[in-house]
Structures are given as structure tokens and as C-alpha cells.
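Report on the structure given below.
Computed over heavy atoms, backbone and side chain alike; hydrogens, waters and symmetry mates excluded.
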Number of protein chains: 2
Amino acid sequence: MITKPTNTGTDKVAYLAARDEFIAQWGALGSAWGINRTMAQIHALLMITPRPLSTDDIMADLQISRGNAHTNLRELTGWGLIRSVIRKGERKEYFEAEKDVWKIFCIVTRERKRREIRPAIGVLKDCIERTETLRDPDAAVFTKQTRALLEFVEMADSILSKIARSEQSKVVPWALKWLK
Amino acid sequence: MITKPTNTGTDKVAYLAARDEFIAQWGALGSAWGINRTMAQIHALLMITPRPLSTDDIMADLQISRGNAHTNLRELTGWGLIRSVIRKGERKEYFEAEKDVWKIFCIVTRERKRREIRPAIGVLKDCIERTETLRDPDAAVFTKQTRALLEFVEMADSILSKIARSEQSKVVPWALKWLK
DNA sequence: ACATTCTTTCAGTGTTTTCTGAAACTTCAG
DNA sequence: CTGAAGTTTCAGAAAACACTGAAAGAATGT
């Protein structure tokens with residue numbers, strides 16, 4: 001005899017299916033933006049789980065090895081997207097994610113600025129410095145183009161800094177108004 | 001006897017060194033953002049070269065195979081970042097890049113919206129739809145969190161659309177003013 | 001000191017992504 | 001129609017990247 005599932009039983013199944021879909025897609029999205037798939041999936045899992053999870057919980061849920069889970073949890077901690085939680089009386093380490101979407105945005109912005117935008121600015125400045133006094137006509141075009149890029153990237157950088165330093169409560173109403 | 005290099009000779013050497021550095025770093029930056037290294041390098045090369053280049057020119061310059069050059073040139077064309085130029089009387093196809101930094105930004109924004117943001121919005125909507133009526137408490141948390149994400153992504157999408165539709169001449173002065 | 005529990009590391013392996021090069025195809029001039 | 005010039009495709013090779021699992025290292029309690 002087949003047991004008739006309870007309502008909460010079917011709910012759980014539907015929920016878990018949607019949840020898995022979300023985790024999988026979030027992982028794929030991460031990939032497209034240069035973020036390791038597993039890292040994005042762990043992040044997704046922690047974002048939508050209302051309680052801290054241990055390394056073993058995550059290994060079991062995503063079907064990944066301890067080493068993989070460990071490395072990516074550290075990486076996420078490095079970004080500041082998750083933090084570890086120690087429960088008193090327990091030796092195991094648990095992890096919980098920052099859940100506020102605005103804060104997540106600010107963290108990612110700050111980190112990408114630090115990791116990629118700043119170094120790019122350095123390279124551009126270096127290229128300009130090394131070529132701006134040269135007489136070669138191709139060099140002149142090169143300098144001009146890298147200058148334009150530098151100017152743009154520096155402006156984008158400033159604007160992002162400003163936004164990421166603002167409160168969501170100030171930016172969102174402003175954005176809504178501006179969008180009309 | 002070692003030939004003393006002419007001024008323009010040393011200039012060329014310095015320029016080529018800076019140029020190679022730029023191309024290499026632009027490639028690395030592309031990688032970090034989920035863009036194929038070669039595609040980014042070809043883009044860099046075309047951006048800073050004041051004349052259209054043929055597939056063979058690019059193969060020689062970046063030391064890559066015909067297939068690789070071809071594929072990535074098509075991909076860049078697909079993004080709208082470069083266009084092919086046919087010189088009359090010649091059968092070979094040449095390529096030139098969009099050089100206006102603001103236009104490049106708009107193109108990349110539009111394409112990433114289309115390729116990644118819109119599908120992400122689809123996934124989020126689907127997850128919400130499938131879980132919003134469930135009674136399970138974890139499902140409720142899940143729906144709430146995905147709703148928050150959806151709201152944020154949709155707002156970001158609108159703002160980017162608006163910016164990418166604007167003229168640089170309108171946005172830049174506004175940004176400068178706003179930054180003070 | 002020792003056992004237990006948990007974390008960290010990393011060499012080896014597996015997977016995914018990208019690249020090569022040669023063959024097939026297209027286009028065009030003669 | 002034929003051959004030369006150029007383009008496209010794609011199977012297999014190479015490179016980059018990610019993952020596993022087991023061993024070593026910490027931390028804690030007894």
C-alpha cells in the first residue's frame with residue numbers, strides 16, 4: 001500500500017525541487033560571472049537556509065567532498081559573504097550567510113573593486129606612463145585609448161564606491177524616483 | 001657591431017611592450033569576469049589598433065590558430081563589439097572595434113542583461129511562483145528571500161537599462177556632479 | 001597523555017573549457 | 001568549369017580549473 005502523502009509532505013517536495021533549481025541556477029550564473037560554481041551554490045544554499053549549517057550539512061546537501069566544501073567556505077568567508085558561527089558546547093563550526101540583498105551587493109561591489117578594478121586602473125596608468133612621451137603614431141593612439149579607458153573605469157569606480165557606501169534606504173527611493 | 005637603435009626604433013619597442021602588457025592584462029581581466037581570455041585579448045588588440053586587422057594579422061599578433069581567431073572574432077561580432085570591414089578589391093575580411101568607451105559599456109551592459117540578468121529573473125520568478133502558496137516554514141523563508149533578490153535584480157536591471165539608453169554627454173556631467 | 005572530534009592541506013584525478021589544425025566549404029575571377 | 005583565396009567547422013589535443021579523499025594538524029575534554 002502506498003502511503004498517501006500529507007500536505008506538508010507534498011509541500012516539502014515542491015519546496016525542495018524549487019530550492020534545488022535555485023541553487024543549480026545560481027551556480028550557473030556564478031560561472032558566467034567568473035565565480036566558481038560550487039562557491040556560488042554554497043552561497044545560494046546558505047542564503048536561503050534560515051539556520052546556520054555545518055560543513056557536513058553542506059557536503060550532504062550539495063553532494064560534495066569535504067575538501068571542496070572547506071575551500072569554498074573559506075573563500076566565501078574571505079569575500080565576507082558568510083561568517084562562521086560557534087555554538088557553545090559544540091566544537092563544530094557552522095556557517096550563515098549575509099541575507100540582506102543590499103549588503104550582499106555592497107560586499108560584492110567592494111570586493112570586485114579591490115580585486116579587479118583597482119589592479120586594472122594600475123595597469124592602465126602604467127601603460128599610459130610608459131607610452132605618453134613616445135613619438136610613434138601608433139603609440140599615440142594607444143595612449144589616447146588607454147586614457148579614455150582609465151577615465152571611464154575611474155569614474156565607474158567612484159560611482160560604485162559612492163553607491164556601496166550609501167544606505168539602501170537612501171538609494172532605493174532615489175532610484176525609484178529617477179526611473180520614472 | 002651592434003647597431004645603435006634609432007629613436008623611433010626604441011619608441012616602437014617601448015610601445016609594443018606596453019601594448020602587450022595591456023593585451024595580456026585585459027585578457028586576464030576578461031577571464032575574471034567570465035569572458036574567454038582570447039576573446040578579450042582580440043578585443044583589446046582591435047581597440048588600440050587604429051586600422052582594421054585581418055584574421056591573419058590577429059593570428060600572427062596573438063600567436064593563435066586560425067580556428068581560435070575565427071571563433072572569437074565571430075563571438076565578438078555577436079556581442080556587437082567589433083564589425084567586419086570589406087575593402088573594395090580585396091576578398092579578405094578585416095575587423096575593427098568600437099572604440100568609444102561609453103558605447104562599449106552600453107553594448108556590454110545590454111548583452112549581459114540579455115544573456116544573464118533576464119534568465120536570472122525568469123528563474124527567480126519561477127521559484128517564487130512554485131513556492132509562494134506552500135505551508136512549509138522553510139519554503140516561506142525561501143520565497144521571501146527569492147522575492148528580495150528578484151526585487152533587487154529587477155531594479156538593477158531597470159537602472160542599467162536607463163543608463164545604457166542615455167547619452168554619455170548626459171550621464172557623465174550628472175555623475176561628476178553627483179560625486180562631489 | 002591520550003582519545004576524540006573537527007579542520008586543513010594537497011597530490012592525484014576528473015571535468016570543463018579552450019585551442020589547434022586540417023578538411024570541407026564558399027566565393028569569385030578568369 | 002577550375003583554381004586560388006578566403007572562411008567555416010569540428011574532432012581530437014591541450015590547458016585550465018575544480019574536486020576528491022586521505023593523511024596530517026589543531027583543539028578540546030577526560
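- Rounding to whole angstrom units, NZ of residue A/K92 and P of C/dT4 are separated by 16 Å.
- Close approach of DNA chain D to chain B, defined as any atom under 4.0 Å from a non-hydrogen atom of the protein, starts and stops at D/dA4 to D/dC17.
- Between A/W26 and A/H43, the ring planes are tilted. Angles from 30° to 60° get that label.
- Side chain of A/E154 to backbone of A/I121: no donor-acceptor contact under 3.5 angstrom is found.
- Contact annotation: A/H70 reaches the phosphate of C/dT8 (side-chain N/O to OP1 or OP2, under 4.0 Å).
- The closest donor-acceptor contact from the side chain of A/D11 to the backbone of B/R135 lies under 3.5 Å.
- By the 6.0 Å and 45° rule, A/R87 stacks over the aromatic ring of A/Y94.
- Computed from coordinates, the A/M59 CE to C/dT5 C1' distance equals 14 Å when rounded to whole Å.
- Protein atom CZ of A/R74 is 15 Å distant from nucleotide atom P of C/dC6, rounded to whole Å.
- For the pair A/R112 and A/W33, the NZ or CZ position fails the cation-pi test of under 6.0 Å to the six-membered ring centre and within 45 degrees of the ring normal.
- One N or O on the side chain of B/E98 and one on the backbone of B/D100 form a donor-acceptor pair closer than 3.5 Å.
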Any chance you could list the contact pattern along nucleotides 18-30 of chain C? Use B for base contacts, S for sugar-phosphate-only contacts and - for none, protein heavy atoms under 4.0 Å, 5' to 3'. SSBB-----BB--
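- The main-chain N or O of B/L46 is never found under 3.5 Å from a side-chain atom of B/E96 such that the two would form a donor-acceptor pair.
- Annotation for B/M39 and B/N72: closest pair CB-OD1, 3.5 Å, computed over non-hydrogen atoms.
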